[in-house]
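Hydrogens, waters and symmetry mates are skipped; everything else that's a heavy atom, side chains included, is used. Naming convention: chains lettered A, B, ... in sequence-line order (proteins, then strands); numbering from 1 in each chain.
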Amino acid sequence: MEMLHYDFMQRAFFAGGLIALVASVLGVYLMLRRQALMADMLSHVSLAGVALGALIKVNPSLFGFIIALIGAVVVEFVRRSYKTYSEVSIAIIMIGGLSTALVLMSMNPGTNRSFSSYLFGSVVAVQKTEIYLVAGVALLGALFFYGLRKPLYLITFDEETARTNGVPVNLISLLFSVITGMIVAAAMPIVGVLLVSSLIVLPAALAIRLAQGFTAALGLAMLFGLIGVFSGLTASYELSTPPGGTIALTLLLFLVVGIGIKKFAVKWRKQHSKLKEKSALINPIYREEV
Amino acid sequence: MLLASMKNVVFGYGDSPCLEDVDIEIHNGEFVAVTGPNGASKTTLLKLSLGLLQPWSGTVARASKRADGKKLVVGYVPQQIAAFNSGFPSTVLEFVLSGTYARGKWFKPASGEDRELSEQALKQVGMWELRNRMIGELSGGQKQRICIARALAQQPDLLVLDEPSNGMDTDSRSRLYALLGGLVKERDMTVVMVTHSLSEASPYLDRIIELEKKEAGGWKCCTTTSCKGHFSPVV
């Protein structure tokens, strides 16, 4: 644990752990609402904010955060127009955000190199102000997901039934989008724009496949997210590989291995129950012959 | 007590109306069936009555409070709701327990009373033994039953069901109608149900609202038929 003697690694573990917990829970809801690509979309849109900030020489990270929030709100309104195909709204906003980012970046060629830290993340370079931002977002996210877990369950299962049950569906969906935007913006320094959805989608995808219940899915997603980020950071330190990519690859490995184990367990259980049935059939005959 | 009413309601999708001249009143303690051929806008009629759709013209009114002044609780079981969410990672008990969430108390954990209501509802539809199964592992008929259990766990004053017996065998259908009929009688619950199985439901029904095709323009309008145990199928 030599790496934990370094301040930058302590900050990386702290920020990564907090974001992993809240992003994994967000991922479960996004997947079940068929909005798994929303994190990807918001991170790409926020790049437009970063590019704008760099162009007008005002804090690019802050602009990225604000644009992610605006994008989250806009996507919620577009989603309401395409209820059956909610992924269409994601595609529309992503195209708008990314194309704006590209045009703005072309107007400011001198700063293109600094975009690499936004694209690929730099968790070990996380500063104190970013730690406070991550902690604040994680606290808000935890309050939102715990406090509104009941209406969120109803809305995620079926919005119409939730509406007839008196749940303010539009308001909670809007808040959900804002929280999504905040989590995505806070997660960007950890894994970067290109891989931010790995923190959100991969732990949730594995948890949903393995969990025996909704609460279990949320708990497992948090566990996988936390272990994935910590293992990825450790591997990155030991192997001197980029932290964002290493975390994403670790989470992907967890998903592949987890699904493989689940498939093997299901196959084994089926074979085992078939053997039991066979022996139950054979044994009485065998006894009669004896 | 009048729970819901529609007066001169017109509604349609796109440019042409699919429902016209709709005049309906639903009173407390009634068991009402809505029937009509496929595409007759039965589901649209239910959604209008629940406020999920807004009419082009006419008025839709629904009581917000019961006769004793308490909030009117509305339960809704949409058509084939379970079929669209088979991958939802939830156990049967978690799912039915979510019916009690509509009773408020969002920030508190599920109470003993909530769990009792869920247990009772699952037993009423004969699904208590499967409470720990994942909802995606159930058959179509079983999914439909847990959706009804979830609505019952709410202890609704007004229960609106859209083809609740879809995927159920004859025996399950008969038991469902008997259960709903019993709840109307014992708890003074009001039930509005879209169904095609009128002959099985008729012993328990108070009224049938039938959607008919209008001669001019192919629009539909409503007629109501009194019914209690002596229903003869409409041709």
Side-chain angles (χ1 to χ4, degrees), chain A residues 24-25 27-34 36 80 83-84 86 142-172 175 203-221 224 262 266 269, chain B residues 43 46-47 49-53 62 64 71-110 114 131-137 146-147 150-151 153-154 156 158-162:
Chain A
S24 317
V25 173
V28 172
Y29 287 107
L30 281 176
M31 277 192 70
L32 295 175
R33 285 167 64 104
R34 298 175 206 284
R80 286 177 200 173
K83 274 184 183 165
T84 324
S86 53
L143 284 173
F144 177 79
F145 288 122
Y146 184 75
L148 295 177
R149 65 196 184 284
K150 288 181 177 181
L152 277 173
Y153 180 101
L154 293 174
I155 291 172
T156 308
F157 188 80
D158 179 51
E159 286 192 10
E160 277 192 346
T161 324
R163 222 177 278 273
T164 57
N165 288 345
V167 176
V169 174
N170 287 348
L171 177 68
I172 292 180
L175 287 175
L206 181 57
I208 286 173
R209 284 296 295 267
L210 300 185
Q212 292 294 307
F214 193 76
T215 314
L218 296 176
L220 276 181
F224 293 145
K262 163 107 183 184
V266 170
R269 214 180 300 148
Chain B
T43 300
L46 289 194
K47 288 187 177 179
S49 72
L50 289 165
L52 293 171
L53 295 171
R62 209 180 70 213
S64 58
K71 189 188 162 199
L72 187 93
V73 179
V74 181
Y76 176 45
V77 181
Q79 193 177 19
Q80 292 180 342
I81 177 180
F84 299 118
N85 294 286
S86 54
F88 202 82
S90 188
T91 63
V92 168
L93 186 58
E94 273 180 329
F95 178 71
V96 174
L97 195 61
S98 75
T100 64
Y101 297 171
R103 290 151 50 85
K105 297 180 283 183
W106 285 352
F107 305 104
K108 288 183 181 171
D114 293 339
R131 63 190 177 279
N132 292 323
R133 287 273 284 274
M134 297 295 282
I135 58 173
E137 295 169 2
I146 62 163
C147 286
R150 183 169 84 138
Q154 264 181 268
L158 171 63
L159 179 59
V160 180
L161 308 113
D162 196 349

Without swapping roles, check the side chain of A:Lys150 against the backbone of B:Lys108 for a donor-acceptor pair under 3.5 Å.
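The answer is yes, because a donor-acceptor pair under 3.5 Å joins these two groups.
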For chain A, which candidate among B:Val74, B:Leu52, B:Thr91 shows the most heavy-atom pairs at distances under 4.5 Å?
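Among the listed options, the one with the most contacts to chain A is B:Leu52.
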Please name the pair of heavy atoms, one in [X] and one in [Y], separated by the smallest distance, quoted to 0.1 Å.
X        : Y        : value
A:Ile208 : B:Pro89  : CG1-CG, 4.2 Å
B:Ser98  : A:Leu154 : O-CD2, 3.4 Å
B:Lys47  : A:Glu160 : NZ-OE2, 3.0 Å
A:Thr161 : B:Tyr76  : CG2-O, 3.4 Å

Output field: ring centroids A:Phe214/B:Phe95 closer than 6.0 Å:
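No.
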How about A:Arg209: does its CZ atom have over 12 heavy atoms from other parts shown lying under 6.0 Å from it?
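Count not over threshold, so no.
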Is B:Ala151 in contact with chain A via its backbone, its side chain, both, or neither, using a 4.5 Å heavy-atom distance?
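Nothing of B:Ala151, per the 4.5 Å heavy-atom cut-off to chain A.
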Parallel, tilted or perpendicular: which describes the rings of A:Tyr153 and B:Tyr101, with under 30° parallel and over 60° perpendicular?
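The rings of A:Tyr153 and B:Tyr101 stand perpendicular, inter-plane angle above 60°.
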